[in-house]
Amino acid sequence: MTHPFVKMNGAGNDFIVINAMERPFAPTSEQARALADRETGPAGGCDQLIVIEPSQTGDAFMRVWNADGGVVETCGNALRCVGWLLTLAGGRDRVVIDTLGGPTTAARAGELRVAVDMGPPRLAWDQIPLAEEMDTRGIELQVGPVDAPVLHTPGAVSMGNPHVVFFIDHVPDDAFTRATGSLIEHHPLFPEGVNVAFAHVEARDRIRLRVWERGAGLTLACGTGACAALVACARRGLTDRAATVIVDGGELIIEWRESDDHVLMTGPVEVETTGVLP
Ligand SMILES: N[C@H](CCC[C@H](N)C(=O)O)C(=O)O
């Protein structure tokens, strides 16, 4: 598996990124899990493993493995990192990156900042997907023993990957986020699992967000989660259609553009180190 890699992060959500444009790289689930391992993985492991592949319809195809080894549809923070690499390599300001969750466009937005057009949110119950028909602006979700009062009628949004967004009156601590997130991640209402976001609305243009990610746990940032949170909050009239989303690892600027229903995400990119896979 001797491939060079770049270790990067977007607002603290970190990735091992492999360029498979010239030479294929197709890890098994077990190999992906080993690379992501915080104890034994290269460069301290990662939240997601990212492989850049040739694409028939875009400039590249981005394939995403969660730390648990599962292949998933997309990853917002990684799209900024891959967008930065591709624009740097190609001497261009804008690239089209295909994912299993649909096509996206990444554009330079400053020295170490990238704006990604994530496409439209998917809001129908069977697009999330949910196991039964519900109004995704506020779904009926019975959570177990965890203190339910703050966990009523969350929103459900897909950005290509599934998200449930709780509107919570405080910023949850690690213990609550972990306990509740892990309880809901595999709830039977979500046949493909779900990323669990806790949105504390501070103002109509400001959301504090923590996310328990499907297949990765509590991360410092979740780009698609920030997009889903803005959409869910705007649908409930809690925010306008644009907001700064403050995550543990930094700030993401999210806009749900009225003209074409696309969600735009702008945020930082950081290169941590490079290396060669073992
Ligand atoms: N855990 C997510 C994939 C990574 C998404 C997140 N890291 C982002 O920046 O969007 C899922 O299973 O759908």
Side-chain angles (χ1 to χ4, degrees), residues 7-17 29 32-33 35-36 38 45-52 62-84 97 99-104 106 113-119 121-122 127-130 156-165 177-178 181-182 184-187 190-199 207 209-232 245-254 263-270:
K7 179 71 185 293
M8 302 181 78
N9 77 75
N13 184 199
D14 67 347
F15 315 107
I16 288 173
V17 183
S29 174
R33 216 181 357 255
L35 290 173
R38 291 295 183 191
C46 58
D47 294 325
Q48 278 86 28
L49 171 67
I50 304 296
V51 178
I52 306 170
M62 183 181 84
R63 201 172 300 275
V64 183
W65 284 257
N66 275 323
D68 69 355
V71 174
V72 288
E73 302 86 350
T74 188
C75 177
N77 289 315
L79 279 165
R80 293 202 312 281
C81 294
V82 170
W84 188 84
I97 305 171
T99 72
L100 290 176
T104 65
R113 286 179 70 74
V114 174
V116 181
D117 178 340
M118 298 293 291
R122 277 125 278 179
Q127 290 179 307
I128 306 301
L130 301 180
V157 176
S158 169
M159 289 307 301
N161 58 346
H163 294 268
V164 62
V165 180
T177 307
R178 288 196 169 99
S182 55
I184 295 169
E185 177 186 356
H186 302 294
H187 190 285
F190 306 101
E192 292 177 14
V194 71
N195 297 283
V196 187
F198 301 95
I207 302 169
L209 185 73
R210 302 200 83 190
V211 181
W212 172 271
E213 285 199 32
R214 177 182 63 171
L218 177 56
T219 61
L220 292 175
C222 179
T224 50
C227 296
L230 184 273
V231 170
V245 179
I246 302 101
V247 291
D248 293 355
E251 296 189 0
L252 300 175
I253 311 299
I254 312 293
V263 181
L264 310 176
M265 169 194 61
T266 304
V269 167
E270 184 183 350

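Both counts, for ligands and for their atoms, begin at 1 and track the order of listing. Keep in mind the model is a prediction, meaning the values are calculated, not measured.
- Interface atoms of ligand 1 facing G76, defined by a heavy-atom separation under 4.0 Å, are 8 (C), 9 (O), 10 (O).
- Considering only heavy atoms from C-beta on, T74 stays 4.5 Å or farther from L100 through its side chain.
- A donor-acceptor contact shorter than 3.5 Å is absent between the side chain of N66 and the backbone of D68.
- Residues T219 and D47 bring no donor and acceptor atom of their side chains to less than 3.5 Å of each other.
- Those atoms of ligand 1 with a heavy atom of N77 less than 4.0 angstrom away are 8 (C), 9 (O).
- Close approach of ligand 1 to N13 is summarised as follows: ligand atoms under 4.0 Å from at least one heavy atom of the residue are 6 (C), 7 (N), 8 (C), 9 (O).
- Contact annotation: for A216 versus ligand 1, there are no heavy atoms closer than 4.0 Å.
- Summary of contacts: the protein heavy atom closest to atom 5 (C) of ligand 1 is E213 OE1, 3.5 Å.
- The closest approach between a heavy atom of T219 and any atom of ligand 1 is not below 4.0 Å.
- With sequence neighbours excluded, the residues forming a salt bridge (Lys or Arg N to Asp or Glu O under 4.0 Å) with R33 are E30, listed by chain and number.
- E185 places a side-chain N or O within 3.5 Å of a backbone atom of G215 that can act as its donor or acceptor partner.
- The nearest protein atom to atom 2 (C) of ligand 1, hydrogens excluded, is given as N195 OD1, 3.2 Å; this is a heavy-atom distance.
- For the pair S29 (side chain) and G69 (backbone), a donor-acceptor distance under 3.5 Å is present.
- Residues passing the side-chain hydrogen bond (donor to acceptor under 3.5 Å, both in side chains) test with E73, sequence neighbours excluded: R214.
- For the residue pair Q48 and N77, no side-chain donor N or O sits within less than 3.5 Å of a side-chain acceptor on the partner.
- The protein heavy-atom contact nearest to atom 10 (O) of ligand 1 is T224 OG1, 2.6 Å.
- By the criterion of a heavy-atom distance under 4.0 Å, the side chain of Q48, and not its backbone, is placed next to ligand 1.
- Contact analysis leaves D47 out of contact with ligand 1, as no non-hydrogen atom separation drops below 4.0 angstrom.
- With a 4.0 Å heavy-atom cut-off, ligand 1 is reached by the side chain of N66 but not by its N, CA, C or O.
- Looking only at protein heavy atoms, the nearest one to atom 9 (O) of ligand 1 is G223 N, 2.8 Å.
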